[in-house]
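Working notes, structure below.
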Amino acid sequence: MHSSPHASPLLQGLNNEQAAAVTLPQTHALILAGAGSGKTRVLTTRIAWLMQTGQVSPGGLLAVTFTNKAAKEMLTRLSAMLPVNVRGMWVGTFHGLCNRFLRAHWKLANLSQTFQILDTQDQLSAIKRLSKQFQVDDERFPPKQTMRFIAACKEDGLRPKDVVVRDPDDRKRVELYELYEIQCQREGVVDFGELMLRSYELLRDNDALREHYRHRFQHILVDEFQDTNKLQYAWLKQLAGPVGGGGGAILAVGDDDQSIYAFRGARVGNMADFVREYNVTHQIKLEQNYRSFSNILDSANHLISHNKGRLGKNLHTTQGAGEPVRVYESATDFAEAQWMVEEMKQLLRDGKDGEGTNGVQARSEIAVLYRSNAQSRVIETALFNAAMPYRVYGGLRFFERAEIKHALAYLRLLENPLDDTSFMRVVNFPPRGIGARSIEQLQDAARAMGCAMHDSVHAVAGKAGANLSAFVAKIDVLREQTQGKNLRQIIELLLDHTGLIEHYQAEREGADRIENLQELVNAAESFVTQEGFGREAVALPVDGQMINPDTGETLSPLAAFLTHAALESGDNQAQAGQDAIQLMTVHASKGLEFDCVFITGMEEGLFPHENSMNDFDGLEEERRLMYVAITRARRRLYLSHSQTRMLHGQTRYNLKSRFFEELPEHALKWITPARSAFADAMPSRRDAWQNPAWQNNAWGGGAATAVAPKPVAQRAAPVSSGPNAWVRSGVQVFHTKFGEGAVVSIEGVGDDARAQVNFSRHGTKWLALSVAKLTQV
DNA sequence: AATGTTAGAGTTTTT
DNA sequence: CTCTAACATT
């Protein structure tokens, strides 16, 4: 078929491994793609090559990613390579593709044709509503926890009946899961997990359908395979069928060293399982890195080599050593931030002078990475004081804003009046005299009749009932008025008639919200055009049937837009456009690259995070996270830690991160001023630093089982004079108010001495030893 | 129903 | 410290 693999211009500029991956035959294969090794390029070129050589038609291919951003990127690059209509292709996110599948087979999936998608906010409010209705003690079963439980079950592919119950609490949670399912089904809504699970089950249980898709998708490409959860892998297996069964070939692309989403169900183990279950003989490693200088790569390689059970990969580059990785220690978190700002200023000055390698050309080429969002504040303060423009990633996205969600809730009620989540959101917004009492009555009525709140308003008597009926009438009138109108007109009508705009006009801070609502109108219009409906298309056809010729979905423009809003929450478009320093968590930085990267807060307890370092897997994931952070940098990398840090209103004394010990000495350069004024001023550093419990708990021994670190009594000299001089780390004490507890650590000397005590009934407290009333147990 | 007060919690995040 | 949610007050 392809006697000379390099004949196609598509393959030009690829290295041997990349070209080999692109031109693989139709078999199951695993591409281990290291950071910066051209993974996306390989994926898109593979698709283009398959189509160009006639091995597959656009319809015979399925490519799946995790984020909309990645999917979009793939499609953009693809259409640049080939003259092909990409819109009809099955390229998208797991959830996007499942949605498409369920829209096409809604009847078989036992869904309403107008099913709506719940985002996390909606899901939580649905569970809160459920908890209230069934009088669940939300102290014992917090709605958030229930939500996580349900999501985790679905990620594992478990329905209520499949969950193994270990204790009465579990039983209750499963019961809630069951009730939640009934509620969702009645209301015609699905959450994110349900999109996946329902699709998987439909494929599993419907032989004809499954065979159809197995036959259709000859090539299945999976991006970021290391982040797939159990259910997603099972879904892929349904599509591909058994080995040798004539189904499609899975090309899995991933990097086990960059698996950082275990906390949301990702299973790195899927990679090894895939190799075993599909007898994968075609494994290609992309180890040539085109991004970073070797000091940076060496650091990454050296660090990650401390993880066990890796598939094994070592990045290399033909670029030189480059700048050393600079390490800085500061006295306080604020000093750390200030130092960083000064360093940035210098880098930007050097960049202006056109020194090339020494400076940075644009602020947007500088990124500050941190482990947790709370760390951004002090950095923001320093940047703000220096009048340095910056942008913080994360936070509320467009479709998650309250005013947008209100408008969408009205839209959803036009589509699906049974959606009680949307009903509840706007029944009294803007306020129309329907208070908690009225809503309670309505819920009682709805439960008694076993129907939606929308359909039970007539059962509520008196003024409350009149108000509720008026609201429903308003929605119904609105639906009447949408006849023959396009989407933009409908939204404008809605904003006007519901009084949303009016409400925000009266509000002091409402101007931004009104602006956002107007932006929603624009977003809707550009969506409708881009999706090929045509700007003036009637948004809600009378008979409900409308088939998108590209996708085969039976979606009206309105329904499609609502889906779009649920599945793509949009960017947090904060001051985009301006050249600014980039601030984000390490997680958020995955997939990005910058000339210069600062990794801050490199401290025990922060990075690795204290909640993750007590078990082996958690620590390994923290290390992978660090690996991701390091490999974001092209030319310059800074690592910094601080001796003290304000966290939750308390000053913490953190040890420097253990990860420093895992970096290669030759690549590092310590740039902390030798004569640091603060070193002596620090209160009893030795004592403060010796105490954290985990210090005595070495993982280096290769322990494979999790061991909780135990406080170890210190040999240190007494830190406190006076009555509490006997207090030591690890000692059991009794406090007149807090009861019994264990001393975790001690810091400071003399009158400043404080002990951190973990009380069994009141949690961890810091007590001043000069005043605390403690007795030895 | 709007506004003020207090208690509690506070990794990481996409869909 | 800082944000949120629940509670209390007018």
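Labels below follow one simple rule: chain letters A, B, ... track the order of the sequence lines, proteins then strands, and each chain is numbered from 1.
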Quick one: sort the A:His587 and A:Tyr261 rings into parallel, tilted or perpendicular, breaks at 30° and 60°.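 Rings of A:His587 and A:Tyr261: tilted, 30 to 60°.
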Going by the angle between their ring planes, with limits at 30° and 60°, are A:His503 and A:Phe429 parallel, tilted or perpendicular?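 Geometry flag for A:Phe429 against A:His503: perpendicular rings.
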I need a per-nucleotide contact map over nucleotides 4-9 of chain C, read 5' to 3'. Cutoff is protein heavy atoms under 4.0 Å; write B for the base, S for backbone only, - otherwise. ------
Solution key, residues 134-141 of chain A side-chain donor-acceptor pairs under 3.5 Å, sequence neighbours excluded:
residue, atom, partner, partner atom, Å
A:Asp137, OD1, A:Glu139, N, 2.9
A:Arg140, NH2, A:Asp169, OD1, 2.5

Side chain to side chain contact (heavy atoms under 4.5 Å, CB included) against A:Asn416, all qualifying residues, sequence neighbours excluded: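 Checked A:Asn416 against side chain to side chain contact (heavy atoms under 4.5 Å, CB included); matches are A:Thr114, A:Gln116, A:Leu418, A:Asp419.
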Run the side chain to side chain contact (heavy atoms under 4.5 Å, CB included) test against A:Ala35 and tell me which residues pass, sequence neighbours left out.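 Partners of A:Ala35 under the side chain to side chain contact (heavy atoms under 4.5 Å, CB included) test: A:Gln258, A:Arg291, A:Leu315, A:Thr631, A:Arg632.
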State, yes or no, whether a side-chain contact exists between A:Thr651 and A:Arg645 at a heavy-atom distance under 4.5 Å.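 When only atoms from C-beta onward are counted, A:Arg645 and A:Thr651 do not touch, as no gap falls below 4.5 Å.
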With heavy atoms under 4.0 Å as the rule, sort [X] into base, sugar-phosphate or nothing.
X	result
A:Asn428	sugar-phosphate
A:Phe94	nothing
A:Asp119	nothing
A:Asn68	sugar-phosphate
A:Phe66	sugar-phosphate
A:Gly433	sugar-phosphate
A:Leu369	nothing

If you apply the rule salt bridge (Lys or Arg N to Asp or Glu O under 4.0 Å), what do you find for A:Arg397 with A:Glu568, and how did you get there? CA-CA 9 Å; A:Arg397 268 115 24 117; A:Glu568 305 191 33; over 6 Å; no
Can you list the residues that meet the ring-ring contact (aromatic ring centres under 6.0 Å, His included) rule with A:Phe192, with sequence neighbours excluded?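 Once residues adjacent in sequence are excluded, the partners of A:Phe192 under the ring-ring contact (aromatic ring centres under 6.0 Å, His included) criterion are A:His95.
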Interface limits on DNA chain B, where chain A has a heavy atom under 4.0 Å of a nucleotide atom: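 Terminal contacting nucleotides, 5' to 3': B:dA1 to B:dT15.
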